Amino acid sequence: MIFCYIDESGTSSIPGNSKHFVLAGIAIPISKWKQCENDIYSIKQKYNLQTEEIHTGEIIRAYLEQNKINNFDQLDYATRRREVEKYRNNELLRLQGSKNQKLYYKTKKNYRKTQSYIHLSYKERKQLILDIAKLIGSWGGFSRLFAECIDKIHFNPTIATSTIDVQAFEQLVSRFEQYLKIFTKNTNVKQYGLLIHDNNETICKKHTELMKSFHRKGTLWTDIQNIIETPLFVDSQLTSMVQIADVCSYSLRRYLDNDEDYLFNEIFKIADKKDGKVVGVRHFTSSSCPCKICASHKASTTSVSTHANSR
């Protein structure tokens with residue numbers, strides 16, 4: 001059995017607040033699950049985040065109040081947290097007494113989302129995510145990355161056969177299914193897969209219905225023989241591997257939206273390949289795109305498929 005943990009980054013609406021919508025999945029054999037969990041826990045422990053969720057977008061943000069605390073980087077974790085909380089409480093009291101209630105509630109929401117990470121400096125938070133990205137990149141012997149990255153500028157809803165989010169899900173399901181089929185062929189052992197997604201009421205209903213349809217009719221590219229059931233939806237706060245999918249989807253989108261490749265270069269090492277070409281990750285964009293994903297589809301072929309050693 002192989003689990004494929006799924007998460008998204010960016011918005012599927014047009015125009016939305018991101019140039020790209022990315023749906024990413026990271027496939028882990030059940031036999032490696034405990035090892036991966038332990039690896040992630042070790043990194044979290046290093047940064048005093050043992051029980052906290054890794055939410056990449058909230059972690060790699062500038063917390064402006066940290067810049068207003070004298071010698072913040074030289075303080076210990078407990079003092080940092082105390083000083084940031086004191087600043088934030090004063091700021092919320094100030095905003096609560098102002099006429100700008102919209103800003104008050106927005107600030108309160110942002111503070112709540114980042115509360116777990118305020119003891120870490122910006123440099124430490126970036127290093128935390130880089131450590132996780134490097135860990136993901138080291139899993140190439142058994143893990144594979146799948147993703148559909150859609151440039152919304154080049155997505156024409158008037159001629160498309162599906163919406164952006166449906167296209168992304170169908171593409172990811174198709175590639176994971178093909179991976180399982182090739183894995184089965186190369187090892188002579190039937191390999192089944194299960195999709196595991198962060199729990200979201202809207203996505204849950206849509207992806208469940210889509211998967212039921214794929215089981216009956218197949219996708220546009222393949223029938224479904226190896227993926228079992230409909231997606232399993234879990235609380236990402238309690239499941240580290242869904243948090244890892246979040247790191248992957250964020251890394252892909254930030255590279256494509258902002259040309260930031262320090263995380264992308266690590267996680268892209270495990271993109272699924274066949275005959276030397278990346279087949280698991282696609283950038284839906286113009287044919288002249290010079291990005292590393294598009295270039296990887298033109299890579300020279302080799303005689304060995306990376307599926308063969310995926311156990």
Side-chain angles (χ1 to χ4, degrees), residues 2-10 18 20 22-63 66 77 80 113-147 149 172 196-199 234-272 280-281 292-293:
I2 297 177
F3 294 150
C4 186
Y5 295 88
I6 302 172
D7 203 10
E8 62 190 51
S9 185
S18 64
H20 286 82
V22 174
L23 185 67
I26 181 167
I28 302 289
I30 192 171
S31 62
K32 296 291 185 179
W33 176 84
K34 188 65 175 179
Q35 172 191 328
C36 294
E37 282 282 334
N38 289 339
D39 289 345
I40 298 162
Y41 183 83
S42 294
I43 292 178
K44 286 185 174 183
Q45 191 174 40
K46 177 182 174 182
Y47 293 93
N48 200 23
L49 293 169
Q50 296 92 311
T51 61
E52 305 299 337
E53 179 179 8
I54 299 299
H55 196 291
T56 316
E58 302 300 339
I59 291 173
I60 308 184
R61 286 177 48 187
Y63 304 168
Q66 290 185 341
Y77 282 174
R80 287 179 181 181
K113 287 182 175 181
T114 58
Q115 177 67 20
S116 299
Y117 322 117
I118 58 175
H119 63 288
L120 299 173
S121 67
Y122 179 66
K123 182 178 179 180
E124 289 167 335
R125 285 182 273 118
K126 285 190 69 175
Q127 188 61 49
L128 159 66
I129 301 303
L130 180 58
D131 287 351
I132 293 174
K134 287 181 176 180
L135 174 63
I136 296 169
S138 73
W139 289 344
F142 57 84
S143 179
R144 294 293 179 270
L145 174 67
F146 304 91
C149 312
L172 190 145
I196 303 176
H197 204 304
D198 184 19
N199 195 17
V234 299
D235 186 345
S236 62
Q237 290 184 334
L238 306 175
T239 310
S240 294
M241 292 309 301
V242 172
Q243 298 169 31
I244 294 304
D246 172 80
V247 175
C248 292
S249 61
Y250 176 91
S251 302
L252 288 162
R253 186 181 64 81
R254 291 296 292 185
Y255 168 60
L256 295 172
D257 275 3
N258 301 82
D259 202 30
E260 296 176 4
D261 64 1
Y262 71 103
L263 297 174
F264 169 86
N265 289 339
E266 299 298 333
I267 64 107
F268 197 59
K269 293 175 182 177
I270 65 167
D272 189 40
V281 178
K292 296 178 183 180
I293 298 173

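What you are looking at is a predicted structure, and each value in this text was computed from that prediction instead of being measured.
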For this session: Please identify each residue that fulfils side-chain hydrogen bond (donor to acceptor under 3.5 Å, both in side chains) with K113, with sequence neighbours left out.
Result: none
Exercise. What is the minimum heavy-atom distance between I132 and I244, and which atoms define it?
Worked result: CG2-CD1, 3.5 Å
Problem set entry | Least distance between heavy atoms, I6 atom then A245 atom | C-CB, 3.9 Å
Exercise. Which pair of non-hydrogen atoms, one from A27 and one from I2, has the smallest distance, and what is that distance?
Worked result: CB-CG2, 3.8 Å
For this session: Output, in order, the C-alpha distance, side-chain angles, deciding distance and verdict of side chain to side chain contact (heavy atoms under 4.5 Å, CB included) for Q35 and F142.
Result: CA-CA 11 Å; Q35 172 191 328; F142 57 84; 3.8 Å; yes
Problem set entry | Spatial distance of atom CD (E37) from atom CE (M241) [nearest 0.5 Å] | 7.0 Å
Exercise. Is the backbone of D246 close enough, under 3.5 Å, to the side chain of S249 for a donor and an acceptor to pair up by distance?
Worked result: yes
Problem set entry | Y255 vs I267 side-chain heavy atoms within contact, under 4.5 Å | no
For this session: Could you check S121 against R80 for side chain to side chain contact (heavy atoms under 4.5 Å, CB included), going step by step and ending with a plain yes or no?
Result: CA-CA 9 Å; S121 67; R80 287 179 181 181; 4.2 Å; yes
Exercise. With sequence neighbours excluded, what pairs up with K126 under the side-chain hydrogen bond (donor to acceptor under 3.5 Å, both in side chains) test?
Worked result: none
For this session: Would you check if R61 and Y117 make a side-chain contact, meaning some heavy-atom pair closer than 4.5 Å?
Result: no
Problem set entry | Atom pair CG/CD1 of L263 and I60 - distance to nearest 0.5 Å | 5.0 Å
For this session: Can you sort out the partners of Y47 under side-chain hydrogen bond (donor to acceptor under 3.5 Å, both in side chains), two or more places apart, ordered by chain and number?
Result: D131
Exercise. F268: what forms a ring-ring contact (aromatic ring centres under 6.0 Å, His included) with it, not counting sequence neighbours?
Worked result: F264
Exercise. Given side chains that start at C-beta, do those of V234 and Y5 come closer than 4.5 Å, heavy atoms only?
Worked result: no
Exercise. Are I129 and I54 side-chain neighbours, meaning at least one heavy-atom pair lies under 4.5 Å?
Worked result: yes
Problem set entry | E52: salt bridge (Lys or Arg N to Asp or Glu O under 4.0 Å) partners, not counting sequence neighbours | none
Problem set entry | 4.5 Å side-chain heavy-atom contact, K44 and S240 | yes
Exercise. What heavy-atom pair brings Y250 and G57 nearest, and what distance separates the two atoms?
Worked result: CE1-CA, 3.8 Å
For this session: Take L49 and L128 through the side chain to side chain contact (heavy atoms under 4.5 Å, CB included) test and state the conclusion after the steps.
Result: CA-CA 10 Å; L49 293 169; L128 159 66; 3.5 Å; yes
Seminar exercise, completed: dist I26:CD1 -> R144:CZ (nearest 0.5 Å) comes out at 10.5 Å
Problem set entry | Distance in Å, L120 CG paired with Y63 OH, rounded so as to fall on 0.5 Å steps | 8.0 Å
For this session: Specify the closest pair of heavy atoms between R253 and S9, including all atoms of both residues, with the distance to one decimal.
Result: NE-OG, 2.7 Å
Exercise. How many angstroms lie between atom CD1 of I59 and atom CD of E124, to the nearest 0.5 angstrom?
Worked result: 12.5 Å
Exercise. What are the two closest non-hydrogen atoms of I118 and T114, and how far apart are they?
Worked result: CG2-O, 3.4 Å
Exercise. With sequence neighbours left out, what residues match H20 under side-chain hydrogen bond (donor to acceptor under 3.5 Å, both in side chains)?
Worked result: D257, H283
Exercise. Do we see a donor-acceptor contact under 3.5 Å between the side chains of E53 and S236?
Worked result: yes
Exercise. Can you check whether D39 reaches I43 side chain to side chain, under 4.5 Å on heavy atoms?
Worked result: no
For this session: May I ask you to test the K34-N38 pair for a side-chain heavy-atom distance under 4.5 Å?
Result: yes
Exercise. Any donor and acceptor pair, going by atom type alone, linking the side chain of E260 with main-chain N or O of R254 inside 3.5 Å?
Worked result: no
Problem set entry | Pairwise distance SG(C149) to CG(L252) - rounded to 0.5 angstrom | 4.5 Å
